Amino acid sequence: MDKAEKVMNLAVRRGFFWPAYEIYGGVAGMYVWGPLGVVLKNKIIGLWRAMFIESHDFLEIESPAIAPYVVFEASGHVGSFKDIMVSCRDCGRKFRADTLLVEKGIEVSEAASLEEVDSIIRENKVRCPVCGGVFGKSSYFTTMFKTTIGPYSESVGFLRPETAQGMFVEFKRIYESFRRRFPIGIAQIGRGFRNEISPRQGPIRLREFDMMELEYFFDPENSDCPYLEEVLDEELNLLHEELIRKGGKDYETMTVREALENKVIKNGCMAYFMVLATRFIELLGIPRENQRFKEKLEGERAHYAIQTFDQEVKLDRWGWVEVSGHANRTDYDLSSHIKMSGRDLYAYRQLDKPREVEVLEVTPLPKKIRRDYGDKIRDIMRDLSKIEAEELKSLLLKNGFIEVAGVKLSKEYFDIKKYVKQVTVEPFIPHVVEPSFGLDRIAYAVLEYAYREVNDRVVLSLPPYLAPYDVSVYPLVEDDKLLEIAEDIRDSLAADGYRVLYDTKESIGRRYARADEIGVPIAVTVDHRTLEDDSVTVRDRDTWRQYRIKRDEVSRFIDLVIQGYGFDEVAGDMGLESFVSKE
RNA sequence: GCGGCCGUGGUGUAGCCUGGUAGCACAUCGGCCUUCCAAGCCGGGGGUCCCGGGUUCAAAUCCCGGCGGCCGCACCA
């Protein structure tokens with residue numbers, strides 16, 4: 001049994017996660033997060049919010065998971081999802097038609113139809129590169145889930161493959177409602193959907209999964225990152241383009257300063273978020289040496305990015321697995337939506353000193369037109385209004401006339417004003433760097449890294465602030481007096497806001513073991529001495545060390561431990577007497 | 001999608017080859033005992049043997065199809 005199997009076994013048995021729809025045979029790529037798993041995920045989300053949103057005063061939104069066709073048409077997803085596949089009739093292997101043909105030196109336009117691709121394959125006698133077999137008919141495949149919105153089948157919608165488009169589409173609203181704050185970070189935590197062809201790898205590759213995404217909008221003319229100073233000397237593990245091209249398999253560790261100076265990372269804020277991501281994953285219990293950032297090469301990158309690093313963690317069965325992606329999306333998305341929607345999604349840049357801008361205004365002179373063209377003025381004016389102002393200007397200046405309503409209208413019929421204007425703001429399209437995290441993979445990785453076996457017992461050494469219960473409370477034995485006190489402690493800790501696991505059945509050792517297995521960091525045990533001096537013992541999940549503590553100090557003790565201070569350290573600071581059981 | 005292996009209480013499995021009452025361990029529940037690490041004893045519950053079809057007097061077992069899982073190939077914008 002490998003580690004992944006053990007972790008999944010534990011996850012199913014104790015209720016962290018399991019495959020969905022099992023009673024009907026199951027559906028590949030879909031999992032249920034159980035009661036303990038949901039708590040874990042929520043705690044991971046809480047940490048992410050604190051680190052990526054709250055500490056920068058960024059803004060979080062929730063936008064719909066379903067979007068009309070046009071959104072993903074604009075974003076380029078429709079185009080880059082609609083790949084043409086061909087499969088070999090002999091061995092059944094599937095290939096993307098475009099990459100197959102490009103390898104043969106044949107150019108295919110992206111807009112080529114299925115029939116065109118089929119005939120190109122036939123004419124060039126392209127065979128299966130693996131077995132030499134003949135290809136069957138080509139077909140489209142898309143990894144976006146398609147649906148209809150409302151009862152009309154022509155109203156096509158997609159389930160979003162990323163939450164990011166919500167931030168782009170709604171950018172202007174958020175920007176305006178927060179008084180044009182800039183630079184601005186907008187985040188979203190939510191479900192995304194990708195109809196994977198053949199998902200495997202358990203909870204690592206899902207068809208439906210939670211993402212935590214942040215879009216950081218900045219001015220391309222002032223791309224200095226305001227947070228950079230603090231992280232310049234921090235190290236990153238980078239398997240960057242140059243290293244990959246040299247055939248390097250291992251990452252190289254360098255400081256942010258070096259990475260930026262050597263242009264390994266081309267954007268300051270991207271580097272900053274990569275540092276945050278490293279700290280975040282480290283706080284989740286995955287040491288730095290098992291993390292790295294692998295650069296995506298040209299061709300591997302998503303259509304919208306000019307530079308991308310995947311943050312990967314090393315997993316036992318699957319090796320390096322992506323847990324977050326860091327992409328420089330430039331102004332790709334906002335520009336695309338401006339073009340598609342015709343709406344203004346610009347931000348405004350305050351200029352240091354007023355700038356003089358040459359303005360050219362062209363206005364038709366109706367009286368003059370009526371004098372010379374009479375009733376035709378109606379058609380002329382109507383057609384003129386249809387022409388874009390910029391186009392009108394350039395045509396008029398180039399040709400000296402413009403043809404409307406069958407009339408060559410010379411520039412005498414226009415009032416052409418040229419003047420210089422002072423401006424203090426100017427519009428621009430923000431650029432974006434995006435850190436985007438896959439929550440389900442992260443939660444799985446956390447479990448795998450927390451998983452330990454000690455003398456045939458399973459211990460889940462989760463960081464205390466991630467554990468599904470903060471503390472467990474036990475009477476040493478099922479004795480009425482001990483039970484009463486234990487219940488009392490349980491209730492008061494619950495009232496203090498802790499998640500308490502209360503267990504009275506079977507031997508104390510077995511109860512410790514059950515709690516260790518799901519990662520409860522602290523055990524509080526009421527024993528016979530409690531009756532004498534109102535003290536209880538606290539036990540550390542990882543070391544099994546115990547200390548004696550006054551009942552009314554337990555809450556503070558728990559608070560410090562789940563903040564991340566070490567168990568022994570807190571006990572020492574509080575001057576607790578260590579407890580050793582007889583025997 | 002292709003190839004290989006596989007699917008039996010919650011978990012891990014035996015039984016399948018050679019068709020004939022589905023067994024074991026752990027977990028779980030109740031009781032007894034018990035002053036600190038899955039202790040012991042007694043008792044209980046829990047199985048559409050992945051689904052469908054076929055062969056047969058009889059199918060967990062043999063045959064066919066499907067679904068699901070793992071590994072490899074392909075795919076993962």
Side-chain angles (χ1 to χ4, degrees), chain A residues 1-2 4-6 8-15 18-30 72 75-83 85-96 98-100 128-131 133 136 139 141-144 161-162 194-202 204-207 296 299-305 308 310 317-318 321-322 325 454-459 474-479 482 505-517 523 525-531 536-537 539-541 543-546 579-583:
Chain A
M1 232 202 260
D2 70 359
E5 202 172 341
K6 288 174 176 172
M8 286 196 263
N9 197 324
L10 171 70
V12 171
R13 213 156 26 81
R14 301 305 306 271
W18 56 84
Y21 307 114
E22 277 181 305
I23 67 163
Y24 291 109
V27 177
M30 297 193 181
F72 291 110
S75 72
H77 285 85
V78 169
S80 40
F81 264 74
K82 214 171 78 175
D83 288 320
M85 302 288 291
V86 288
S87 65
C88 170
R89 278 192 196 151
D90 291 347
C91 68
R93 287 188 174 81
K94 286 204 166 202
F95 302 89
R96 275 175 57 173
D98 55 349
T99 52
L100 193 70
C128 171
V130 177
C131 75
S139 60
F141 96 111
T142 169
T143 54
M144 279 200 290
E162 57 170 14
R194 298 179 192 186
N195 202 358
E196 302 281 358
I197 297 170
S198 124
R200 288 189 199 158
Q201 305 167 341
I204 296 303
R205 211 168 124 207
L206 299 175
R207 289 191 161 122
K296 301 301 258 185
E300 294 176 334
R301 282 194 297 268
H303 57 278
Y304 47 69
T308 303
D310 279 354
R317 182 189 287 176
W318 298 293
V321 167
E322 178 191 357
V454 188
N455 307 325
D456 280 347
R457 284 168 52 160
V458 173
V459 178
Y474 312 110
L476 184 62
V477 290
E478 274 191 286
D479 168 286
L482 300 189
K505 298 291 174 197
E506 298 192 88
S507 76
I508 189 68
R510 185 178 288 261
R511 283 176 277 159
Y512 286 149
R514 274 199 290 253
D516 288 348
E517 197 180 47
T525 305
V526 176
D527 60 14
H528 291 276
R529 201 171 129 188
T530 310
L531 300 172
V536 294
T537 64
R539 170 190 178 272
D540 180 6
R541 171 196 67 201
T543 65
W544 297 10
R545 272 199 281 279
Q546 287 180 275
F579 171 82
V580 184
S581 65
K582 295 160 216 163
E583 193 192 23

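What you see is a predicted model, and the numbers here were worked out from it, not measured in a lab. Chain naming here is simple, since letters A, B, ... match the order of the sequence lines and numbering starts at 1 in each.
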### Query
Hey, does A:L482 have a side-chain heavy atom less than 4.5 Å from the side chain of A:L531?
yes
### P atoms of B:rA22 and B:rC49, separation to the nearest Å
10 Å
### Query
B:rG4 and B:rA74: how far apart are their C1' atoms, nearest whole angstrom?
16 Å
### Query
A:R511 CZ to B:rU35 P: how many Å, rounded?
12 Å
### Task
Specify the closest pair of heavy atoms between A:Y474 and A:A523, including all atoms of both residues, with the distance to one decimal.
CE1-CB, 3.7 Å
### Query
What's the shortest heavy-atom distance between A:E506 and A:R514, and which atoms?
OE2-NH1, 3.3 Å
### Task
Please state how far atom CD in A:E506 lies from atom P in B:rC32, giving the value in whole angstrom units.
13 Å
### Query
Counting just side-chain N and O atoms, does A:R510 come under 4.0 Å of either OP1 or OP2 of B:rA39?
yes
### Task
For B:rA14 versus B:rG7, give the span between their C1' atoms, rounded off to a whole number of Å.
15 Å
### Task
Tell me what A:R205 touches on the nucleic acid: a base, only sugar-phosphate, or nothing, going by heavy atoms under 4.0 Å.
base
### Query
B:rC36 C1' sits how many Å from A:F579 CZ, rounded?
6 Å
### Task
Using a cut-off of strictly less than 4.0 Å, decide whether A:R514 has a side-chain nitrogen or oxygen near OP1 or OP2 of B:rU28.
yes
### Task
Choose from B:rC36, B:rU35, B:rU11 the nucleotide whose nearest atom is closest to any side-chain atom of A:T537.
B:rC36
### Message
Please give me the minimum heavy-atom distance between A:G202 and A:W318, naming the atom from each residue.
### Response
N-CZ2, 4.4 Å
### Task
Check every strand shown and say whether A:N9 touches a base, only sugar-phosphate, or nothing at a heavy-atom separation below 4.0 Å.
sugar-phosphate
### Task
Name the closest nucleotide to the A:V477 side chain, picking from B:rU35, B:rU11, B:rC29.
B:rU35
### Among B:rU35, B:rU11, B:rA77, the one nearest A:R194 by side-chain distance
B:rA77
#### Entry: C1'-based separation of B:rC6 from B:rC16 [nearest Å]
14 Å
### Distance, rounded to the nearest Å, where A:R13 contributes CZ and B:rG9 contributes C1'
15 Å
### Straight-line distance of A:R545 CZ to A:R539 CZ, nearest 0.5 Å
12.0 Å
### Task
Report the nucleotide, chosen from B:rU28, B:rA77, B:rC37, that has the shortest atom-to-atom distance to any side-chain atom of A:Y512.
B:rC37
### Message
How long is the straight-line distance from CD1 of A:I508 back to OG1 of A:T537, given to the nearest 0.5 Å?
### Response
7.5 Å
### Query
When rounded to the nearest 0.5 angstrom, what is the spacing between NZ in A:K296 and CZ in A:R301?
10.5 Å
### Options B:rA38, B:rU11, B:rC36, nucleotide nearest the side-chain atoms of A:Q546
B:rC36
### Query
Which nucleotide in the list B:rC76, B:rC37, B:rA77 gets nearest to the side chain of A:R539?
B:rC37
### A:E322 CD to B:rC75 P, straight-line distance once rounded to whole Å
17 Å
### Task
Quote, to the nearest angstrom, the C1' distance that separates B:rG9 from B:rC26.
12 Å
## Note on the structure
Checking A:R13, A:R541, A:R457 against A:E517 for side-chain hydrogen bond (donor to acceptor under 3.5 Å, both in side chains), the one that qualifies is A:R13
### Summary
Of the candidates B:rC36, B:rU11, B:rA77, the side chain of A:H303 sits closest to B:rA77
### Message
Output the rounded distance in Å from CZ (A:R14) to P (B:rA38).
### Response
16 Å
### Query
Do the ring planes of A:Y304 and A:H77 sit parallel (below 30°), tilted (30 to 60°) or perpendicular (above 60°)?
tilted
### Task
Please state how far atom CG in A:L476 lies from atom P in B:rU35, giving the value in whole angstrom units.
8 Å
### Message
Pairing check on B:rC76: which nucleotide meets the Watson-Crick or G-U wobble criteria with it, both distances under 3.5 Å?
### Response
none
### Task
Take A:E478 and A:K505 through the salt bridge (Lys or Arg N to Asp or Glu O under 4.0 Å) test and state the conclusion after the steps.
CA-CA 8 Å; A:E478 274 191 286; A:K505 298 291 174 197; 3.6 Å; yes
### Query
Is any side-chain N or O of A:R541 under 3.5 Å from a base N or O of B:rC37, one able to act as donor and the other as acceptor?
no
### Task
Please check the phosphate of B:rA39 (OP1 and OP2 only) for any side-chain N or O of A:S507 closer than 4.0 Å.
yes
## Note on the structure
Under a 4.0 Å heavy-atom criterion, the protein footprint on nucleotides 65-70 of chain B, written with B, S and -, is --SSSS
### Query
Side chains of A:L476 and A:R529: closer than 4.5 Å at any heavy-atom pair?
no
#### Entry: Any strand: nucleotide that pairs with B:rC32 via Watson-Crick or wobble, under 3.5 Å
B:rG40
### Message
Taking the nucleotide of RNA chain B with the nearest heavy atom to each, does A:V458 or A:Y304 sit closer to the 5' end?
### Response
A:V458
### Message
Tell me the interatomic distance from A:E5, atom CD, to B:rC6, atom P, rounded to whole angstroms.
### Response
15 Å
### Query
When we call it a touch if two heavy atoms are under 4.0 Å apart, what does A:I23 touch: a base, just sugar-phosphate, or nothing?
base
### Base-pairing assignment for B:rC57 (Watson-Crick or G-U wobble, both under 3.5 Å)
B:rG20
#### Entry: B:rA25 to B:rC5 separation - P atoms, rounded to the nearest Å
32 Å
#### Entry: Nucleotide of B:rA38, B:rA77, B:rU34 approaching A:R457 most closely (side-chain heavy atoms)
B:rA38
### Message
Can you check the distance between B:rA60 and B:rC17, where both ends of the measurement are the P atom (answer in whole Å)?
### Response
12 Å
#### Entry: B:rC32 versus B:rA39 - spacing of their C1' atoms, nearest Å
14 Å
### Summary
The Watson-Crick or G-U wobble partner of B:rC70, with both key distances under 3.5 Å, is B:rG4
### Summary
Testing B:rC37, B:rA38, B:rC36 for proximity to the side chain of A:E517, the answer is B:rA38
#### Entry: Pair of N/O donor and acceptor under 3.5 Å linking B:rC50 base with A:E22 side chain
no
